[in-house]
Amino acid sequence: MAPSLRDLQLTPVSGGGRKHPADEESGDLEDVRLLDAYEDGNSENLTFDEERLRRIQEEDIKIAIEDAGFEAEVLPEPSTTRTNPKGTLVGQFTIGGMTCAACVNSVEGILRDLPGVTTAVVALATSMGEVEYDPTVISKDDIVNAIEDAGFEGSLVQSSEQDKIILGVAGISNDLDAYLLEGILGNMKGVRQFCFNRASRELEVLFDPEVISSRALVDAIEGGSIGKVKLHVKNPCTRMTKKDTEESSKMFRLFTASLSLSVPIFFMGVVCPHIPLLYALLLRQCGPFQMGDWLKWALVTVVQFGVGKRFYIAAGRALRNRSTNMDVLVALGTSASYFYSVCALLYGAVTGFWSPTYFETSAMLITFVLLGKYLESLAKGKTSDAIKKLVELAPATALLLIKDKGGKSVGEREIDALLIQPGDVLKVIPGSKVPVDGVVVWGSSYVSESMVTGESTPVLKEVDSSVIGGTMNLHGSLHVKATKVGSDTVLSQIICLVETAQMSKAPIQKFADFVASIFVPTVVAMSLVTLLGWYFGGVMGAYPEDWLPSNGNYFVFALMFSISVVVIACPCALGLATPTAIMVATGVGANNGVLIKGGDALERAQMVKYVVFDKTGTLTQGKASVTTARVFTGMERGEFLTLVASAEASSEHPLAKAIVEYARHFHFFDEPSTTKDTQNRSKESKFSSWLLDVSDFSALPGRGVQCFIDGKQILVGNRKLMTENGICIPTFAEDFVVELEESAKTGILVAYDSALIGVLGVADPLKREAVVVVEGLVKMGVKPIMVTGDNWRTARAVAREVGIQDVRAEVMPAGKADVIRSFQKDGSIVAMVGDGINDSPALAAADIGMAIGAGTDIAIEAADYVLMRNNLEDVITAIDLSRKTFSRIRLNYVFAMAYNVIAIPIAAGVLFPWLKIKLPPWAAGACMALSSVSVVCSSLLLRRYRKPRLTTILEITVE
């Protein structure tokens, strides 16, 4: 059967980015593939190799088709790649081997210097980097190579270019199966590159999403293997969690290996002298050295260069990048102890003068540092629990309904949830989660959206109701048509916002970056001063010889102090103070329905002086209803309402919808509407036969609407609209409007054929928590302000009811930003709380923009905070969480700085002359290791944060 007209389309095909001079002269030419979709469904798409594709103009093809008697249209090139307006992509990369802020600065500098890289942000707490780059200048592989060339471990996690999929493979048992898999992929059109890791059973495929979809790719592999190979998609976030676990396991193995070798060394030095038989064996001469010396040397060598080689590798990497970090200090301190002990042994063998050795110092130091690293990795893993919980909300699989040509369901199959495509119809059974965002096409049920929006009350979902992926279906079965999948779903955007916030740096982090840049050189200089001070002080007789250890000398005595200074200093604690707290805070915020877009916003929110509220939908419920309708002429009430509803039916304003619904109910109050879905009611309100025909409709922002009915002009709006059109407002009508406004209602005037014919009173009740929240903000030292486009009387009445003193009324949407700027003139931090629709200019102008009630509109670019629930309490939560977070960060910095300021002088022996307090190097290493752990654990205490309740908000006071 020949293809029908609807099956014919022109699809431009990328030519790989290469352009020839001839192409540029002849205009924009495209490779073309003719896609034939036969109605019998048995044909395959016809494709050609790139060399055989003729470059011809799109218009020529269009003309040729039209000459054959058909209609043709050149379709725009479809794109599955999400790029920003500049044409750049954003990639997330894992970066292993970073230990402190100095490493972060080094990697960021390397990435930013790469050609084609626009921005690069690296996070120590997550060991992740986010790079925005131009794919025409630099590739993902080039970025990974740059990271590895700098001495760090790098790999791509995910990119906004959706051309890569990682699959877990089951069913590969031998080489023959692997060759079968590779053969299938090698012959598959659209597959650019693939790599199968037999150890991890992971298949990484790079494909052209315009030629083959991810689901078609999986189906083709499973079908080509005749069911032998089973595949499942690996979630990038899940893979990151696995990597965190592997890192913790690796650190634990290193620690246990070091401990198992260090314990015998400690045993030989402390316990064996009290056991005569064992001590005699250790003192037995074996060549130039005693048996105990041989054993210590051998065990410590394994610890120093086997277990501890990671410190040398990391230190060399840092020095190669012209930076210094904690690994440099550890390598320097342990090497000094180890090589001094080796030299002391050799010197004793040659001269017969035996000096004490300090092998145990090196081994114990590495053991304690590894213990600290292990505990730190465990603690850092817990800071990302919020991301893990969000990822777990999405179900792993979904039930796809299979339909015949007539659209009738003929079966169902279980597929991976990450393979769902827009337009798929999915079956959601009771007790299961909705896989992706979509629209209900069959069935009705109550769905719990608490895990996404924070609203505890289940929501009724009927036909044409929208559903959010990750929410729980409670009762009936639903058939849901997928509308948003992958990174476009609400849940994915929430995860993206949290990840972006955790990657960002707060301005306070600049302090840690500066200290990290000079920390290690300063510590090394102090260590050298300590060595020279104690050594020359002893030589010059500044302190008595009885201070020296047995068989010791001034150099050994000074060296131990010097090593303690090197190893006790800890730049890691400073580097982790801010990012770990921000990670925990953003996660806690997400769990409480407060999405924070970055550390910068989190830091500014603690200093908020003014909070500007929009009135409609923010302080009020946003559910306007007509309470009064008064007609001033002899016109029938029903006729009056029909005129007003006809005029307002084309408007999207909430007040217009309230008027139309009121008029509909007046005419059809006895018509049952409970069985009709929302969309049907909306259509009935707007297009039912009882409405009159309208012409020349226009909405006038800040004034109302105007149109013509039966050739006569009708105006519906405020006084300004009436005055502009020369409509006289009688005194009795004005008094009635004033009465409405003083009772916090909005008076809407209606004029028909140049005469005022009536007034409608519309009320929008306050949210139940509005009064308490406003009073709570005042208690916190924050001044609430209300800005609205409504008239002054209504605005003052609402403000009086809610307890706000400062009111700005009759402000156009664009003028709200000017109001914000007026409060910012003295340097005050201003927050704006709005619904994120007409408040975008003000949200962008404010220091802190809070979009409230945006549970299904996450992509509000103007806002810094997205408050998922339509609840004003979250404004209090946002400010309170910010204040507590930065109190914790300051505490972390105080601890980290105080630790170094106090510990370094003690390690240098400042107290030794008076109190005989001497910190051995191994003890100094233990202190250093535990300092990082303590800072991370301090940040983890934020996980216990509980947002203020209505009963406690009023007890909040200014700190």
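All residue numbers in this chain count up from 1 along the given sequence.
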| request: Start with the C-alpha gap between Thr877 and Asn592, add the side-chain angles, then the distance that decides, and say whether side chain to side chain donor-acceptor pair (under 3.5 Å) holds. | output: CA-CA 8 Å; Thr877 302; Asn592 286 281; over 6 Å; no
| query | Could you go step by step and tell me if Arg796 and Glu741 meet the salt bridge (charged side-chain N to carboxylate O under 4.0 Å, His left out) rule? | reply | CA-CA 9 Å; Arg796 287 195 182 104; Glu741 291 172 345; over 6 Å; no
[X] (side chain) donor-acceptor with [Y] (main chain) under 3.5 angstrom:
X: Thr489; Y: Val485; result: no
X: Arg664; Y: Ala645; result: no
X: Ser882; Y: Ala878; result: no
X: Ser646; Y: Leu692; result: yes
X: Asp826; Y: Ser828; result: yes
X: Ser743; Y: Leu740; result: yes
X: Asn473; Y: Val428; result: yes
X: Asn725; Y: Met722; result: no
X: Thr471; Y: Val434; result: no
X: Gln824; Y: Ala845; result: yes

Can you name the closest pair of heavy atoms from [X] and [Y] and give their distance?
X: Cys728; Y: Leu756; answer: O-CB, 4.1 Å
X: Asp874; Y: Gly593; answer: OD2-O, 4.3 Å
X: Leu655; Y: Ala624; answer: CD2-CB, 3.6 Å
X: His475; Y: Tyr446; answer: CD2-CB, 3.8 Å
X: Ile848; Y: Ala601; answer: CD1-O, 3.4 Å
X: Ile804; Y: Met786; answer: CG2-N, 3.8 Å

| request: Measure the acute angle between the ring planes of Phe632 and Phe732, then classify it against the limits of 30° and 60° as parallel, tilted or perpendicular. | output: perpendicular
| query | Taking the inter-plane angle between the rings of Tyr610 and Phe823 on a 0 to 90° scale, is it parallel (under 30°), tilted (30 to 60°) or perpendicular (over 60°)? | reply | tilted
| query | Checking salt bridge (charged side-chain N to carboxylate O under 4.0 Å, His left out) for the pair Arg883/Asp880: CA distance, chi angles, key distance, verdict? | reply | CA-CA 5 Å; Arg883 290 183 176 182; Asp880 185 55; over 6 Å; no
| Passes side-chain contact (heavy atoms from CB on, under 4.5 Å), Ile468 versus Glu449? Steps please. | CA-CA 8 Å; Ile468 304 173; Glu449 298 181 344; 4.3 Å; yes
| request: Go through the steps for Thr627 and Lys745 under the test side-chain contact (heavy atoms from CB on, under 4.5 Å), then give the verdict. | output: CA-CA 9 Å; Thr627 59; Lys745 297 176 183 177; 3.6 Å; yes
| Can you check whether Val612 reaches Ile820 side chain to side chain, under 4.5 Å on heavy atoms? | yes
| query | For Ile748, which of Val644, Ile659, Val759, Asn718 qualifies under side-chain contact (heavy atoms from CB on, under 4.5 Å)? | reply | Ile659
| task | Going by the side-chain contact (heavy atoms from CB on, under 4.5 Å) test, name the single residue among Val802, Leu867, Thr618 that passes it with Leu872. | result | Thr618
| field | Straight-line distance of Leu478 CG to Lys461 NZ, nearest 0.5 Å | value | 9.5 Å
| task | Please check if the distance between the ring centroids of Phe640 and Tyr752 is under 6.0 Å. | result | no
| field | Gln621 vs Asp764, side chain to side chain donor-acceptor pair (under 3.5 Å): CA-CA, chis, key distance, verdict | value | CA-CA 6 Å; Gln621 295 179 12; Asp764 187 4; over 6 Å; no
| Pair Arg703 + Glu724: basic N to acidic O under 4.0 Å | yes
| said: If you apply the rule side-chain contact (heavy atoms from CB on, under 4.5 Å), what do you find for Val830 with Lys609, and how did you get there? | reply: CA-CA 6 Å; Val830 181; Lys609 184 176 180 181; over 6 Å; no
| After noting the C-alpha distance and the side-chain angles of Ile879 and Leu777, does the key distance pass the side-chain contact (heavy atoms from CB on, under 4.5 Å) rule? | CA-CA 9 Å; Ile879 298 174; Leu777 287 172; 3.9 Å; yes
